[in-house]
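Attaching a single structure in structure tokens format; questions to follow.
Hydrogens, waters and symmetry mates play no part in the numbers below; they use all other heavy atoms, side chains included.
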Amino acid sequence: MKRRKFIGMLAGAGACLAASSATAGGTHHFKGYPESFGVLFDSTKCIGCRKCEAACNKVNELPAQPVPFDDLTVLDKRRRTHHDTFTVVNKYEIGNKPVYRKQQCNHCLEPACASACFVGAFVKDKTGAVSYDASKCVGCRYCMIACPFEVPTYEYHDPITPRVRKCTMCQPRIEEGKLPGCVEDCPKGALVFGRREDLLNIARERIRKHPNNYVDHIYGEREMGGTSWMYISGVPFEKIGMREDLGITPAPELTSGALSIVPAIVGLWPVFLTGAYALTKRRDKIAEEEQHHAVAEAVAEAQAEAAKKAKAAMDKAEREKQSAIDREVKKALKEAEEARLKAETPADPSEQ
Amino acid sequence: MSHHTTPNKTFWTPANILTAVILAVGLALTVKRFTMGIGSVTNLTDDNPWGIWIGFDLLCGVALAAGGYTTSAAVYLFGMKKYHSAVRPAITTAFLGYAFVVFALLYDLGRYYRLPYPLTIYPGPTSFLFEVGLCVALYLTVLAIEFSPALWETLRWKKLRFWAHSLTLVLTIFGVVLSTLHQSSLGGLYLLAPSKLHPLWYSPYLTLFFFLSSIPAGLSMVIFEGGLSHKFLHHKMDETHIKEAPGVTLGFAKAAAVVLFAYFNLKWIGVALDNNWHHLATGWGTWFLVEMFGFVLVPCMMYAVAAREKNQKLAFYASIVTVLGIVLNRLNISLVAFNWQLPSELRYVPSWEEIMITVFIVTLEITVLRICLNKLPILHEHPEFKGAH
Ligand code: SF4
Ligand code: SF4
């Protein structure tokens, strides 16, 4: 009856999960859109002028900042992005020399935020941008938990329509054929915009030409499966606040294995459980039958016993009856004999 | 707290006053949360987007409500009929547990009014959170139907009661499947954050760990609540319940001992496979050992001894340690060992207001539970439906 329908529904849900997890990085390796754009940041060229921060603030129409962008004292404090600052530059003192590093969304090729979002509010666009759609967002903030670069931020003080906020790679500007705001305003050419493949070549070329100025690593080429923003640096990336232990596994692959078990559970569990139930039922039934059997046997035995007893009693009664009759007959005969004898004896002399 | 029918007893007992105060403060904070935003009552930051509302209300709430599926599976699927009287109380606590998990989520979600979105408008099935949402929603429905006969009996709606009851087997199977999925998915949520969760707690087996540990969690809650209702609601229990209770306690104690032991072993296999032994020598390692030995192995042994010596008291204490252990484990994963690499000034500590809202929700839940246990045929059979299970 209805059980079949329920299980059918479950199986359907499982298949749906399985199918979609496969496209989101299950079995094949998604390498990002081939023609997509990216930005290369060169920390050897960055002078910490905060012009990129100012440009970002302007093109994204973000609220005015408490500290003006030409005040460089903020660089002495470690800062992170916020819901009204999509990018920040931090200063790191390394061997008495300052090194600067710009921070913003890295626009991963296979974004953790996108695979975390349970309404699909994050998508990787063919321009390379990872974009967020506030009209879908439920505000669970799982995307923030998932992002290994701690990028997405949240409007915690908005009671009705809080948004997740992060760098958009200026996707609307790119579609208009313009540069991202920060790239356009960087006075030192520390930021280069272009096709990701070209940027990788530029980076390799710089490292090859000036091996003494750079560490031999392009950060973002493979980290977490690769990112659209990439970095080259003269000092180890760890020293400028970039984690080097993230590995090269794209985020969706971290969960796809476990997710792929879902259809198996949905398919096998009900079978197993129904089996367990059937076994239990059978066990109960057998037990019940055995009990029936035993009872019947006991009853039969008791009946036989009773019949035997009854017969014995009857026999006994019969015997008793017979002997009573015999006794009576004997008695009667005896009495008759006695009477006859009495009659035959001569009369009493006194009677004569 | 509630339920005083005798007019000569005053309503304002100390317990009721405390409840009233908690509810009043909770309501005030609720207003603040929904008019001034999550940030106005919590210490959540961009680095720590999930606090105790997820770590405690959701993760612990769901784990501790596992008594529903474990008990009904034991009785209906595995034929342990002698535990039958444990089903209704377990289903009731599970149903209320899940209902309040969803209720608590409304506080945490930025756009709570879109809660149905993942199920209807924009499904995002690559996410473990989608699975959690889907399964919790479906399971809450299952629990509602499983719970409903108690209500129909009280209202004497025999048709509905018969209908709901005829679905028992299907619902039980459905419930076990859904529970397997979402209990494990809660662990699966953290698979996505290997760089943030400490290696001793991060494992590719997180889903299995969460599922497995939910079983003793559920069993322990049944034992724990059973012990409490024996103490405080004895007058509400009928003979069957009182007669069957020791069997339930000891039977569940045995099962919990077995599963806790399996879990204990599996956790070490997890450590071994990722070769995380060197972390044991650190402060984090000590904390991990406290969890593993103090809150897994110790209650496991307590249960084993309790089951062997038929010691119900010991089983009751074991259930308390197990429940604390589950809470500790879920909080370790979601809060303590999460973001372990952040400098201490950036770590999350809950604000008194968010703690208060959690206390408020728990109090509300207990109040509703007490009303149900007092007014509905849960610890006893309804006289008109005796033996109709
Ligand atoms: S850096 Fe973070 S926010 Fe940006 S795309 Fe990657 S995961 Fe998403
Ligand atoms: S906060 Fe919004 S965008 Fe982020 S995971 Fe949740 S629903 Fe998706």
Below 4.5 Å, heavy-atom pairs only: which of Pro118(B), Gly133(B), Gly187(B) has the largest tally toward chain A?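 Highest number of heavy-atom pairs under 4.5 Å: Pro118(B).
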Give a yes or no on this: more than 12 heavy atoms of other residues, nucleotides or ligands lie within 6.0 Å of atom CD of Gln291(A).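 Open: at most 12 neighbouring heavy atoms sit under 6.0 Å from CD of Gln291(A).
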Measure the OG1-CD distance between Thr255(A) and Glu131(B) for me, rounded to the nearest 0.5 Å.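 These two atoms lie 10.5 Å from each other.
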Is it the case that atom OH in Tyr205(B) sees more than 12 heavy atoms from other parts of the structure closer than 6.0 Å?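 Not more than 12 within 6.0 Å, no.
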So for Leu273(A), is it side chain, backbone, both, or neither that comes closer than 4.5 Å to the heavy atoms of chain B?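 Both backbone and side chain of Leu273(A) come within 4.5 Å of chain B.
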Distance in Å, Tyr122(B) OH paired with Cys117(A) SG, rounded so as to fall on 0.5 Å steps: 11.5 Å
Hey, which of Leu109(B), Ile121(B), Thr35(B), Leu119(B) has the most heavy atom pairs under 4.5 Å with chain A?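 Option with the top pair count is Leu109(B).
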Taking the side chain as every heavy atom from C-beta outward, state whether Leu77(B) and Thr280(A) have any pair of such atoms under 4.5 Å apart.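 The answer is no; the side chains never approach within 4.5 Å.
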Nearest 0.5 Å, what's the OG-CD1 distance between Ser184(B) and Ile261(A)?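 Rounded to the nearest 0.5 Å, the OG-CD1 separation comes out at 8.5 Å.
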Does any non-hydrogen side-chain atom of Asp46(B) lie less than 4.5 Å from one of Glu150(A)?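 A side-chain contact under 4.5 Å is absent here.
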Which atoms of Ala278(A) come close to chain B, meaning under 4.5 Å heavy atom to heavy atom: side chain ones, backbone ones, both, or neither?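 Ala278(A) has no heavy atom closer than 4.5 Å to chain B.
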Under a 4.5 Å heavy-atom cut-off, does chain B meet the side chain of Ile160(A), its backbone, both or neither? both
Tyr113(B) versus chain A, heavy atoms under 4.5 Å apart: side chain, backbone, both or neither?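 For Tyr113(B), side-chain heavy atoms alone lie under 4.5 Å from chain A.
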Non-hydrogen side-chain atoms of Phe338(B) and Ile145(A) separated by less than 4.5 Å: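 Of all side-chain heavy-atom pairs linking Ile145(A) with Phe338(B), at least one is under 4.5 Å.
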Given heavy-atom pairs under 4.5 angstrom as the criterion, report whether the side chain, backbone, both or neither of Asp284(A) touches chain B.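 Contact with chain B is through the side chain of Asp284(A) alone.
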I'd like to know which of Thr42(B), Thr172(B), Leu192(B) tops the heavy-atom pair count under 4.5 Å against chain A. Leu192(B)
Top contributor to chain B interface from Ala276(A), Gly120(A), Pro152(A) [non-hydrogen pairs under 4.5 Å]: Ala276(A)
Among the options Ile38(B), Leu189(B), Val132(B), pick out the one with the most heavy-atom pairs lying under 4.5 Å from chain A. Leu189(B)
Output yes when a side-chain donor or acceptor of Arg141(A) lies under 3.5 Å from a complementary backbone atom of Asp108(B), and no otherwise. yes
Does Tyr156(A) reach the main-chain N or O of Thr45(B) with its side chain, forming a donor-acceptor pair under 3.5 Å? yes
For the interface with chain B, which of Leu246(A), Asp158(A), Thr161(A) has the highest count of heavy-atom pairs at distances below 4.5 Å? Thr161(A)
Considering all heavy atoms of both residues, which atom of Ser127(B) and which atom of Ala116(A) are nearest to each other, and what is their separation? OG-O, 2.6 Å
Do other residues, nucleotides or ligands put more than 12 heavy atoms under 6.0 Å from Arg282(A) CZ?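 At most 12 heavy atoms, drawn from other residues, nucleotides or ligands, come within 6.0 Å of this atom.
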Classify the ring geometry between Phe211(B) and Trp269(A) as parallel (under 30°), tilted (30 to 60°) or perpendicular (over 60°).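 Rings of Phe211(B) and Trp269(A): perpendicular, as their planes differ by over 60°.
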Should Phe149(A) and Ser195(B) count as side-chain neighbours, where that means a heavy-atom distance under 4.5 Å?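 Not in contact.
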Thr126(B) to Leu259(A) - nearest heavy-atom pair and separation: O-CD1, 3.2 Å
Can you say whether Phe34(B) sits under 4.5 Å from chain A via the side chain, the backbone, both, or neither, judging by heavy atoms? backbone
Counting only heavy atoms not in Arg222(A), do more than 12 sit closer than 6.0 Å to its CZ atom?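 Not more than 12 within 6.0 Å, no.
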Under a 3.5 Å distance rule, please check whether Lys196(B) uses its side chain to pair with a backbone N or O of Cys147(A) as donor and acceptor.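 Such a contact is found between Lys196(B) side chain and Cys147(A) backbone.
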Heavy-atom side-chain contact between Tyr142(A) and Trp50(B) under 4.5 Å: yes
Side chain, backbone, both or neither: which part of Ala134(A) has a heavy atom under 4.5 Å from chain B?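 Ala134(A) touches chain B through backbone and side-chain heavy atoms alike.
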Show which side-chain atoms of residues 135-144 of chain B pair as donor or acceptor with protein atoms under 3.5 Å away, not counting sequence neighbours.
| unit_1 | atom_1 | unit_2 | atom_2 | d |
| --- | --- | --- | --- | --- |
| Tyr139(B) | OH | Tyr69(B) | N | 3.4 |
| Thr141(B) | OG1 | Ala137(B) | O | 2.8 |

Can you establish whether the number of heavy atoms outside Lys239(A) located under 6.0 Å from its atom NZ is more than 12? no
Out of Ala112(A), Ala114(A), Ala258(A), return the one with the most heavy atom pairs under 4.5 angstrom to chain B.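 The option with the most such pairs is Ala258(A).
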If you tally heavy-atom pairs under 4.5 Å between each of Ile54(B), Leu129(B), Asn48(B) and chain A, the highest tally belongs to Leu129(B)
Please check if the number of heavy atoms outside Glu289(A) that lie under 6.0 Å from its CD is greater than 12.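 It does: Glu289(A) CD has more than 12 such atoms within range.
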Where does Arg163(A) contact chain B at under 4.5 Å (heavy atoms): side chain, backbone, both or neither? both
Proximity breakdown for Thr81(A) and chain B, heavy-atom pairs closer than 4.5 Å: backbone
With a 4.5 Å limit on heavy-atom distance, are the side chains of Met144(A) and Leu44(B) in contact?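 Side chain of Met144(A) against side chain of Leu44(B), heavy atoms only: no contact under 4.5 Å found.
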